[in-house]
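Structure, as structure tokens:
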Amino acid sequence: MSKAAAQSMSGTPDVSSMPQQTEPTSSVAHILATGKRSLAMKLSEVMALVSHIPKTGRNEFHKYDYATEADITAAVRIEMARRQLMLTPSVVDSKVELVGEKKNRLVTIRVRYTLEDGESGETRSFDMLGEGSDSLDKAFYKAMTGATKYAVLKLFLIPTGDDPEKDEPRNRGL
């Protein structure tokens, strides 16, 4: 008699062949254990709410449109606040070079952004580079603005319609 048939006759189920109950996913386990959503869950909720940022800014000198820092931060700020999420920047490295004939300042910074969940206390950090060039005193602020724009865009995977790898059509005299 087979093992399964013997166990069937004895009334004892063969648990080795039964589907095993799995533990809840870590997010579900976290909610069950603490009654709170995790940082990752809250970030994904914000991500789900922001589908696209339109380009409302215009650089007339270079003739291109862009998504402004104000539009990008406004798209996520209230939803982050509703979930008790903070994003705090801290410059961890910087470099200043004089470039070009006018000796503009080119500032390159590395900014560490720390996400903090005010409810759970969880934190996560990531770094983003920023560059800014200016003849006067705004190079650092341009670098910080660029780093913040791209930190938020990339954190929440927000499309703006740009693709920096796209080749622009060139007028080749044809």
Side-chain angles (χ1 to χ4, degrees), residues 26-27 30 36-172:
S26 61
S27 296
H30 179 80
K36 300 172 185 172
R37 294 182 327 272
S38 69
L39 174 60
M41 291 175 72
K42 291 178 180 184
L43 291 171
S44 67
E45 289 171 4
V46 175
M47 184 186 298
L49 293 169
V50 183
S51 62
H52 179 261
I53 307 264
K55 296 179 186 179
T56 61
R58 176 79 180 156
N59 182 314
E60 291 297 337
F61 183 78
H62 293 290
K63 307 290 185 214
Y64 67 88
D65 297 327
Y66 61 93
T68 68
E69 182 200 25
D71 290 343
I72 293 165
T73 55
V76 299
R77 191 179 67 80
I78 290 174
E79 294 303 331
M80 286 182 68
R82 285 183 179 147
R83 289 160 180 81
Q84 300 176 349
L85 299 176
M86 293 290 300
L87 180 64
T88 306
S90 177
V91 176
V92 294
D93 193 23
S94 65
K95 180 173 79 171
V96 179
E97 300 174 70
L98 297 177
V99 296
E101 292 175 16
K102 295 181 182 180
K103 298 295 182 196
N104 281 354
R105 282 186 243 166
L106 173 64
V107 174
T108 304
I109 59 175
R110 184 168 51 103
V111 183
R112 177 155 301 133
Y113 290 90
T114 301
L115 289 154
E116 183 174 2
D117 184 338
E119 182 180 23
S120 72
E122 287 179 86
T123 62
R124 289 190 185 179
S125 295
F126 63 95
D127 292 357
M128 182 63 67
L129 296 177
E131 284 189 337
S133 179
D134 193 77
S135 60
L136 299 172
D137 61 345
K138 294 180 180 56
F140 174 82
Y141 306 108
K142 289 178 179 182
M144 190 69 181
T145 296
T148 300
K149 280 176 59 169
Y150 286 97
V152 173
L153 287 172
K154 298 308 174 190
L155 173 65
F156 294 107
L157 301 176
I158 303 169
T160 62
D162 300 55
D163 188 345
E165 294 182 33
K166 179 181 177 185
D167 288 331
E168 294 296 321
R170 294 188 177 130
N171 182 355
R172 299 177 192 247

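Since the model is a prediction, treat every value here as computed from it, not as a measurement.
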* Asked: Under the side-chain hydrogen bond (donor to acceptor under 3.5 Å, both in side chains) test, which residues partner D137, sequence neighbours left out?
  -> none

* Asked: Counting heavy atoms not belonging to L49, are there more than 12 under 6.0 Å from its CG?
  -> yes

* Asked: For the residue pair M47 and F156, what are the closest heavy atoms and their distance?
  -> CG-O, 3.2 Å

* Structure fact -> Hits for salt bridge (Lys or Arg N to Asp or Glu O under 4.0 Å) against R112, two or more places apart or cross-chain, chain-then-number order -> D127

* Asked: In this structure, are over 12 heavy atoms from other groups packed under 6.0 Å from R77 atom CZ?
  -> no

* Partner set under ring-ring contact (aromatic ring centres under 6.0 Å, His included) for Y113, not counting sequence neighbours -> F126

* Flag, side chain of K63 to backbone of E60, donor-acceptor distance under 3.5 Å -> yes

* Asked: Any idea which heavy atoms bring A75 and V50 closest together, and the distance?
  -> O-CG2, 3.3 Å

* **OH-CD1 distance between Y150 and I158, expressed to the nearest 0.5 angstrom** => 12.0 Å

* **R124 vs E116, side-chain contact (heavy atoms from CB on, under 4.5 Å): CA-CA, chis, key distance, verdict** => CA-CA 7 Å; R124 289 190 185 179; E116 183 174 2; over 6 Å; no

* **Residue list, side-chain contact (heavy atoms from CB on, under 4.5 Å) with S44, at least two apart or on another chain** => none

* Could you tell me which residues satisfy side-chain hydrogen bond (donor to acceptor under 3.5 Å, both in side chains) with T68, sequence neighbours excluded, listed by chain and number? => D71

* Search all heavy atoms of R58 against all heavy atoms of Y66 and return the closest pair with its distance. => N-CE2, 3.4 Å

* side-chain hydrogen bond (donor to acceptor under 3.5 Å, both in side chains) partners of E69, counting only residues at least two apart -> none

* Check: K55 side chain, Y64 main-chain N or O, donor-acceptor pair, under 3.5 Å -> no

* Asked: Taking only residues two or more places apart in sequence, or in another chain, which ones meet K142 in a salt bridge (Lys or Arg N to Asp or Glu O under 4.0 Å)?
  -> D134

Pairs of donor and acceptor atoms involving the side chains of residues 85-105, under 3.5 Å and at least two apart or interchain, shall be tabulated with distances.
| from | atom 1 | to | atom 2 | distance (Å) |
| --- | --- | --- | --- | --- |
| R105 | NE | L136 | O | 3.4 |
| R105 | NH1 | L136 | O | 3.3 |
| R105 | NH2 | L136 | O | 2.8 |

* Structure fact -> Distance col, row L153:CG vs M128:CE, nearest 0.5 angstrom, shows 8.5 Å

* Asked: Does the side chain of L155 reach to within under 4.5 Å of the side chain of L115, using non-hydrogen atoms?
  -> yes

* Point-to-point distance, once rounded to the nearest 0.5 Å, from OG of S38 to CD of E119 -> 10.0 Å

* Structure fact -> Scanning both residues in full, the closest heavy-atom pair of G132 with A143 reads N-CB, 3.6 Å

* Asked: Taking only residues two or more places apart in sequence or in another chain, which ones pass salt bridge (Lys or Arg N to Asp or Glu O under 4.0 Å) with E79?
  -> R82, R83

* Residues in side-chain hydrogen bond (donor to acceptor under 3.5 Å, both in side chains) contact with T123, at least two apart in sequence or another chain -> none

* Structure fact -> Sorted by chain and residue number, the ring-ring contact (aromatic ring centres under 6.0 Å, His included) partners of Y141 (sequence neighbours excluded) come out as none

* Hey, which of K42, K36, R37 is the one that makes side chain to side chain donor-acceptor pair (under 3.5 Å) with D117? -> K42

* Asked: Does any pair with a residue in residues 77-100 pass ring pair (Phe, Tyr, Trp, His ring centres under 6.0 Å), and if so which ones, sequence neighbours excluded?
  -> none

